[in-house]
Protein chains: 2
Amino acid sequence: MARAVSETHGEILAAAARRFAVTGYRGTSLQDIAREVGCSKATVLYHFANKEALLAELMAPAIAVLRALDDQLTGLTGAAAQQAAAVGFVDLAVRFRREIALLRGEFPELLCQPAFAHIQQISERLRDALAGHSDRPGARITALVLLAGISEGCAEFVDVPDDELRPALLTLVRRALEPVDASLPQPPTTEDKET
Amino acid sequence: MARAVSETHGEILAAAARRFAVTGYRGTSLQDIAREVGCSKATVLYHFANKEALLAELMAPAIAVLRALDDQLTGLTGAAAQQAAAVGFVDLAVRFRREIALLRGEFPELLCQPAFAHIQQISERLRDALAGHSDRPGARITALVLLAGISEGCAEFVDVPDDELRPALLTLVRRALEPVDASLPQPPTTEDKET
DNA sequence: TCAGAGCCTGACCGATCGGTCAGATTGGCG
DNA sequence: CGCCAATCTGACCGATCGGTCAGGCTCTGA
């Protein structure tokens with residue numbers, strides 16, 4: 001009955017992604033995942049140290065891109081930071097919306113766990129950049145609503161095709177953001193050209 | 001030791017609100033609430049039929065206003081619906097941001113519970129109105145991001161004063177929404193006069 | 001042939017959850 | 001006084017959770 005390790009490992013990962021997407025991380029038990037795979041709960045814990053490690057492996061690609069975006073943002077200020085944050089985050093959300101979706105509303109609690117502690121800081125820097133590093137309350141509120149709204153909305157965007165979702169989100173973000181500096185307006189409607 | 005019923009009842013309610021705001025609904029046990037009040041878990045369940053009833057009583061005022069907004073929206077179409085939905089929802093979010101905040105990211109799961117089933121439908125109608133009843137994907141995505149973002153952001157708006165939060169949200173929503181009908185643009189920058 | 005590594009499992013663990021229940025305590029009232 | 005209803009509690013319940021463990025199975029290679 002013993003399958004190749006990579007096979008079962010991958011099956012568990014896929015099953016976990018499916019269940020998390022439906023019932024969330026906390027709402028999905030190891031038993032649920034095992035049932036979906038057709039193995040025992042002990043097998044799940046043979047392939048993954050614990051439940052958190054399972055989530056971490058699922059989120060790893062998205063987190064890597066998030067860190068890259070964070071690096072790319074350091075040093076940028078004002079409108080340049082705002083632009084880069086907007087484009088980068090929309091790209092991230094579109095590419096990894098399935099991964100983001102399976103966290104549903106559990107960001108606040110998950111970010112408190114040690115394994116994801118640094119994500120908290122990254123997301124705060126991202127919000128700051130999206131606000132153009134302005135300390136005006138309106139700018140900070142706008143940035144927060146956009147980040148939270150896009151993150152939470154991902155669950156419902158799963159079936160929207162990329163080339164429809166990306167321009168829609170980019171347009172929304174660009175329109176919502178006030179230019180941080182009137183002498184540096186948004187680049188002239190280049191709707192979609194970036195990495 | 002027995003206090004007047006209204007007294008303990010209110011203390012439990014207040015303690016629950018405090019705990020829910022910190023650790024969320026699911027992350028707060030009846031034991032936690034009892035500890036905060038200084039009574040036994042059985043006492044909590046003497047005053048409230050179950051945990052869900054506690055939450056329902058906490059959310060009742062907000063839900064009543066939400067239903068009123070829903071009623072007010074029926075019959076309106078296009079830009080009129082969009083305007084009314086925007087102003088109404090921003091008002092709701094500002095007034096009841098503490099109540100909304102204590103749900104954190106648990107909307108999706110709570111809305112599945114029978115006691116809150118109708119909220120699901122109301123929020124869908126609200127989203128539809130905010131999109132100006134348009135079926136353009138962009139409009140629907142924008143409406144969803146705004147609703148989700150403001151709902152989820154409430155937890156962080158708790159300390160922002162009303163007269164700072166409301167205009168900021170109104171400006172954001174008005175700027176983000178595309179006018180559903182070019183011949184009916186947004187009313188000329190009357191930033192803040194409504195019920 | 002056989003030892004061992006890799007894979008898998010049922011049984012079990014302690015903790016915690018929401019919820020129940022019989023009974024102790026108390027305060028008001030006839 | 002005695003009665004009763006309201007209030008409150010400790011002990012307990014069944015269910016579920018994440019996680020552990022000893023051992024069984026199968027395949028491989030010396």
Side-chain angles (χ1 to χ4, degrees), chain A residues 1-20 22-59 102-106 109-110 112-116, chain B residues 1-20 22-59 102-106 109-110 112-116:
Chain A
M1 195 60 69
R3 291 162 281 198
V5 57
S6 59
E7 193 178 330
T8 305
H9 191 92
E11 282 179 20
I12 293 173
L13 221 45
R18 259 174 280 136
R19 297 306 309 161
F20 287 165
V22 175
T23 48
Y25 174 72
R26 286 184 43 179
T28 301
S29 70
L30 296 176
Q31 192 67 259
D32 292 334
I33 299 170
R35 195 181 304 119
E36 177 119 354
V37 175
C39 69
S40 74
K41 186 179 64 167
T43 298
V44 174
L45 286 164
Y46 170 77
H47 286 279
F48 298 88
N50 48 45
K51 195 185 178 187
E52 189 179 313
L54 222 176
L55 179 64
E57 190 161 326
L58 273 177
M59 300 299 293
L102 56 82
L103 294 183
R104 305 275 330 236
E106 314 189 40
E109 300 172 45
L110 286 176
C112 294
Q113 290 190 264
F116 299 100
Chain B
M1 195 62 69
R3 290 163 281 199
V5 56
S6 59
E7 193 178 330
T8 304
H9 191 92
E11 281 179 21
I12 293 174
L13 222 45
R18 259 174 281 138
R19 296 306 310 161
F20 288 165
V22 175
T23 49
Y25 175 71
R26 285 184 42 179
T28 301
S29 70
L30 295 176
Q31 192 67 257
D32 291 333
I33 299 170
R35 195 180 303 119
E36 177 120 353
V37 175
C39 69
S40 73
K41 186 179 65 169
T43 298
V44 174
L45 286 163
Y46 170 76
H47 287 279
F48 297 89
N50 49 44
K51 195 185 178 186
E52 189 179 313
L54 222 177
L55 179 64
E57 190 161 326
L58 273 177
M59 301 299 294
L102 56 81
L103 295 183
R104 305 279 321 242
E106 314 189 40
E109 300 172 43
L110 285 176
C112 294
Q113 291 190 262
F116 300 99

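In what follows, chains carry the letters A, B, and so on, assigned in the order in which the sequence lines appear, proteins first and then strands, with residues in each chain numbered from 1. Note that this is a predicted model, so its numbers are computed, not measured.
- Formation of a donor-acceptor pair under 3.5 Å by the K41(B) side chain with backbone atoms of S29(B) is not found in this model.
- Atom CD in E52(B) sits roughly 18 Å away from atom P in dC17(C) (whole-Å rounding).
- The CG atom of L45(B) sits 8.5 Å away from atom CG of L54(B), with the distance rounded to the nearest 0.5 Å.
- Here the C1' atom of nucleotide dA6(D) and the CD atom of E7(B) are 14 Å apart, to the nearest Å.
- At the phosphate of dT9(D), OP1 or OP2 sits under 4.0 Å from a side-chain N or O atom of S40(B).
- Between the CD atom of Q31(A) and the OG atom of S40(A) there is a distance of 8.5 Å, given to the nearest 0.5 Å.
- Counting atom types as modelled, K51(A) pairs no side-chain N or O with a base atom of dG19(D) as donor and acceptor under 3.5 Å.
- In this structure, the CD atom of Q31(A) is 15 Å from the P atom of dA15(D), given to the nearest Å.
- With hydrogens and angles left out, the side-chain atoms of E57(A) and H9(A) include a donor and acceptor closer than 3.5 Å.
- Taking each heavy atom of A15(B) and V37(B) in turn, the nearest pair found is CB-CG2, 3.4 Å.
- Between L55(B) atom CG and dG18(C) atom C1' there is a gap of 15 Å when expressed in whole angstrom units.
- Under the side chain to side chain contact (heavy atoms under 4.5 Å, CB included) criterion, A17(B) pairs with L58(B), L102(B), sequence neighbours left out.
- The separation between F20(B) atom CZ and dG18(C) atom C1' is 12 Å, rounded to whole Å.
- One atom, CG of D32(B), and another, C1' of dA15(C), lie 14 Å apart when rounded to the nearest Å.
- Nearest to the side chain of Y46(B), among dG18(C), dC8(C), dT7(D), sits dT7(D).
- Across the protein-nucleic acid pair, K41(A) atom NZ and dC8(C) atom P stand 17 Å apart, rounded to whole Å.
- Mapping R26(A) and A42(A) onto DNA chain D via the closest heavy atom, the residue that lands nearer the 5' end is R26(A).
- Candidate nucleotides dG19(C), dG10(C), dC8(D) were compared by shortest atom distance to the side chain of T43(B), and dC8(D) ranks first.
- Using a 4.0 Å cut-off, some side-chain N or O of H47(B) falls inside it from OP1 or OP2 of dC8(D).
- In this structure, CD1 of I33(A) is placed 17 Å from P of dT16(D), rounded to the nearest angstrom.
- In terms of phosphate contacts, S29(B) brings no side-chain nitrogen or oxygen within less than 4.0 Å of OP1 or OP2 of dT16(C).
- Between the axis at the start and the axis at the end of the helix from dT1(C)-dA30(D) to dG30(C)-dC1(D) there is an angle of 30°, using five pairs per end and rounding to 10 degrees.
- Put simply, T8(B) has no side-chain N or O that comes within less than 4.0 Å of OP1 or OP2 on dT7(D).
- Taking CG from L13(B) and NE2 from H47(B), the interatomic distance works out to 11.5 Å, rounded to the nearest 0.5 Å.
- Across all strands shown, L45(B) has heavy atoms under 4.0 Å from base atoms, whether or not it also approaches the sugar-phosphate.
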